[in-house]
Protein chains: 2
Amino acid sequence: MSTARERILEATGELLATKDALAISTRAICDRAKVGMPEIYRQFGDKQGLLTAAADIGFERFLADKRRNPLTDDPVADLRTAWDSHVGFALRNPHLYRLMFTPTGDAKPQAIHEARAILLKAVERCRDAGRLRTTPELAGQTILSANVGVCMMALSFPELFGDPAISGSVRDAVIGKITGDEREDTRIGPATVLAQALVGTLTGSAPLDGAALDRLTGALRGPDAPPSEP
Amino acid sequence: MSTARERILEATGELLATKDALAISTRAICDRAKVGMPEIYRQFGDKQGLLTAAADIGFERFLADKRRNPLTDDPVADLRTAWDSHVGFALRNPHLYRLMFTPTGDAKPQAIHEARAILLKAVERCRDAGRLRTTPELAGQTILSANVGVCMMALSFPELFGDPAISGSVRDAVIGKITGDEREDTRIGPATVLAQALVGTLTGSAPLDGAALDRLTGALRGPDAPPSEP
DNA sequence: CTCTCACGATAACAGCGCTAACACTGCGGA
DNA sequence: TCCGCAGTGTTAGCGCTGTTATCGTGAGAG
């Protein structure tokens, strides 16, 4: 038989799968956990404390999800899959996610520091690969803020903001800007690639090469310039 | 003497300035509004209904704030000032903002459609100026999602995410990506401007001009290439 | 005048978070 | 063996909450 604390947390997690945190009564938790009412307060002091503890083990699952993603040799691509895994977790556990990232009152889950640290490590891998344009701290905060925003809007207004394309759009904008790694954009196509190469040359990440420049101007003067938009 | 409904909404707004929506009791509202308890239910049916109505008049103030910003001849710059005004409102009215953008239950404020419409108009001005790289709908959803994310993180974790630089970082990333209008980046400087001009030419928003191309290549071959980063 | 209807006051209900008081268990030390 | 003790279950209760029923008022419409 498991301990009382574990049963309470388990019951809370199960109820969070279907109901909002505030719609869960302590009595319902105790019924499901086969525990007397005072047990909650002996273990967690407070309903708030119980919810914070539940948010913390939610973070653990969240980070376990992220750790399952194998690291490739492209740290920027890893950043993008981490983003998608974040969104997936939020959509799979809406109430738990809200509890984790929009806590009520002043008791914040402790584990967000750990989440921030993991994201920081992923960003530092980009920096070590020479693919970061700001400080890792600012990059991590930027990515996480935008990521949470996409999830919260998708959860709060699914009919208006549930479109997965929004996530991709914000993701590529933020990660692209921070790493300087613009994604292929079908509306612009080869032009973006050329511009990227140009920027790379100018910033010194690639040496200024006269032959390359000739090829560039040749391509510019060449055919099939995309038509202007109406 | 004002009507009962107005007094209730006013009292709710005043209490929202200091306390969270869930920490406000109907009795406290009625006391402050000099109204009997049943009046709330006669007017709004529910506490949820009252909060939704309060969120709606919050949206009205929010949009009035935005309308105060005069339109310049640079629609992209207008987009950025709208972003900053959004963040300012959130920081000035934290509890009201949470009520507006993370509603509990399934009663969503109606006025978010209006907010979306206004943002859509601002984005369409960019499109009409030839400065939009996606559909206005996706652009608006992208900007609003990221904007809300920055605010929610700043409100929920001020010590970790309260830095105003985060807002600027996300803002420039998202708006820059969507409008193709990269901001001056001190790490890259003139190179970005040149690359922008190049992209503009290629996408047809500016005619392909041989003389301009010559000037470009001249500038590229010219002096003061920024040093490579360590 | 009477009828109606919006508003005010009072009291009650069930449910909530939370606490006090007490009984029971198992376990190590004297 | 007995004791103390820490962890756990049981019951009852407090004050507060959202919500509703009931009744009374007073002003305007017919």
Side-chain angles (χ1 to χ4, degrees), chain A residues 1-58 95-96 98-99 102-109, chain B residues 1-58 95-96 98-99 102-109:
Chain A
M1 185 104 167
S2 51
T3 150
R5 185 186 181 92
E6 292 170 341
R7 264 177 300 154
I8 293 177
L9 284 173
E10 190 179 352
T12 307
E14 291 168 4
L15 290 174
L16 271 177
T18 62
K19 302 167 82 174
D20 187 78
L22 292 156
I24 299 177
S25 71
T26 58
R27 284 169 173 85
I29 295 175
C30 293
D31 282 1
R32 178 176 272 262
K34 309 282 190 201
V35 158
M37 294 238 39
E39 205 57 34
I40 287 184
Y41 303 91
R42 280 197 273 257
Q43 299 285 345
F44 305 96
D46 216 348
K47 187 191 185 183
Q48 192 61 242
L50 166 58
L51 290 181
T52 311
D56 270 328
I57 74 167
H95 302 111
L96 179 56
R98 288 176 92 118
L99 187 62
T102 60
T104 59
D106 37 22
K108 319 289 183 190
Chain B
M1 185 105 166
S2 50
T3 147
R5 185 184 181 93
E6 291 171 342
R7 264 176 300 154
I8 293 177
L9 283 173
E10 189 180 353
T12 307
E14 291 169 4
L15 290 175
L16 271 177
T18 62
K19 301 167 84 175
D20 188 77
L22 293 156
I24 300 178
S25 72
T26 58
R27 283 171 175 82
I29 296 175
C30 293
D31 282 1
R32 178 175 273 262
K34 309 279 189 203
V35 158
M37 294 241 38
E39 206 56 34
I40 288 184
Y41 302 92
R42 278 196 273 258
Q43 298 285 345
F44 305 97
D46 216 348
K47 186 191 186 182
Q48 192 60 242
L50 166 58
L51 290 180
T52 312
D56 270 327
I57 73 166
H95 303 111
L96 179 56
R98 287 176 92 117
L99 187 62
T102 61
T104 59
D106 36 24
K108 320 289 183 190

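Every chain is numbered from 1, with letters handed out A, B, ... down the list of sequences.
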Q: Kindly say if A:R7 contacts the phosphate of D:dG9, meaning a side-chain N or O under 4.0 Å from OP1 or OP2.
A: yes
**Q.** Results of side-chain contact (heavy atoms from CB on, under 4.5 Å) for B:D31 - residues two or more places apart only
**A.** none
Q | Residues touching DNA chain D, which here means a heavy atom under 4.0 Å, drawn from residues 14-22 of chain A | A | none
Q. What is the distance, rounded to the nearest whole Å, between atom CD of A:E39 and atom C1' of C:dC18?
A. 14 Å
Q: Could you work out which one of C:dC7, C:dG17, D:dT8 sits closest to the side chain of B:T3?
A: C:dC7
Q. Base, sugar-phosphate, or nothing for B:L50, non-hydrogen atoms under 4.0 angstrom?
A. nothing
Q) Does B:R27 have any salt bridge (Lys or Arg N to Asp or Glu O under 4.0 Å) partners at least two apart in sequence or in another chain, and if so, which? A) none
Q) Are any of the side-chain heavy atoms of A:Y41 and A:T26 separated by less than 4.5 Å? A) yes
Q: Quick one: closest heavy-atom pair of B:A54 and B:L99, and the distance?
A: CB-CD2, 4.4 Å
(Q) Show the nearest heavy-atom pair for residues B:F44 and B:I8, with the distance to one decimal. (A) CE1-CG2, 3.8 Å
Q. Hey, does A:I40 have a side-chain heavy atom less than 4.5 Å from the side chain of A:V35?
A. no
Q | Closest listed nucleotide, where the reference is the side chain of B:D46 and the choices are C:dG17, C:dG8, D:dT19 | A | D:dT19
Q) Between B:G36 and B:C30, what is the shortest heavy-atom contact and its length? A) O-SG, 3.8 Å
Q. Taking only residues two or more places apart in sequence or in another chain, which ones pass side-chain contact (heavy atoms from CB on, under 4.5 Å) with B:T104?
A. B:Q48
Q: Specify the separation, in whole Å, of atom CZ of B:R5 and atom C1' of C:dG8.
A: 18 Å
Q: Return the nearest nucleotide to the side chain of B:Q43; candidates are D:dT8, C:dC7, C:dC18.
A: C:dC7
**Q.** Below 4.0 Å: OP1/OP2 of D:dT20 and any side-chain N or O of B:Y41
**A.** no
Q: Could you tell me which residues satisfy side-chain contact (heavy atoms from CB on, under 4.5 Å) with B:E14, sequence neighbours excluded, listed by chain and number?
A: B:E10, B:R32
Report each atom pair, protein N/O against N/O of nucleotides 12-15 of chain C, whose distance is under 3.5 angstrom.
unit_1 : atom_1 : unit_2 : atom_2 : d
C:dA12 : N6     : B:R27  : NH2    : 3.3

Q: Using atom CZ of A:F44 as one end and atom P of D:dG7 as the other, report the distance to the nearest whole Å.
A: 14 Å
Distances under 3.5 Å between protein N/O atoms and the N/O atoms of nucleotides 20-28 of chain C, please, pair by pair.
none

Q) salt bridge (Lys or Arg N to Asp or Glu O under 4.0 Å): which pairs involve residues 46-57 of chain B, sequence neighbours left out? A) none
Q) Rounded to the Å, how far apart are B:K47 NZ and D:dT20 P? A) 14 Å
Q.
So, using side-chain contact (heavy atoms from CB on, under 4.5 Å) as the criterion, who are the partners of A:A28 when residues are at least two apart?
A. A:L15, A:S25
Q. Do you know which two heavy atoms are closest between A:P103 and B:R98, and how far apart they sit?
A. O-NH2, 3.0 Å
(Q) Nearest whole Å is fine: how far is D:dT8 P from A:I40 CD1? (A) 14 Å
Q: Could you state the atom-to-atom distance from CD1 of A:I29 to C1' of C:dC18 in whole Å?
A: 13 Å
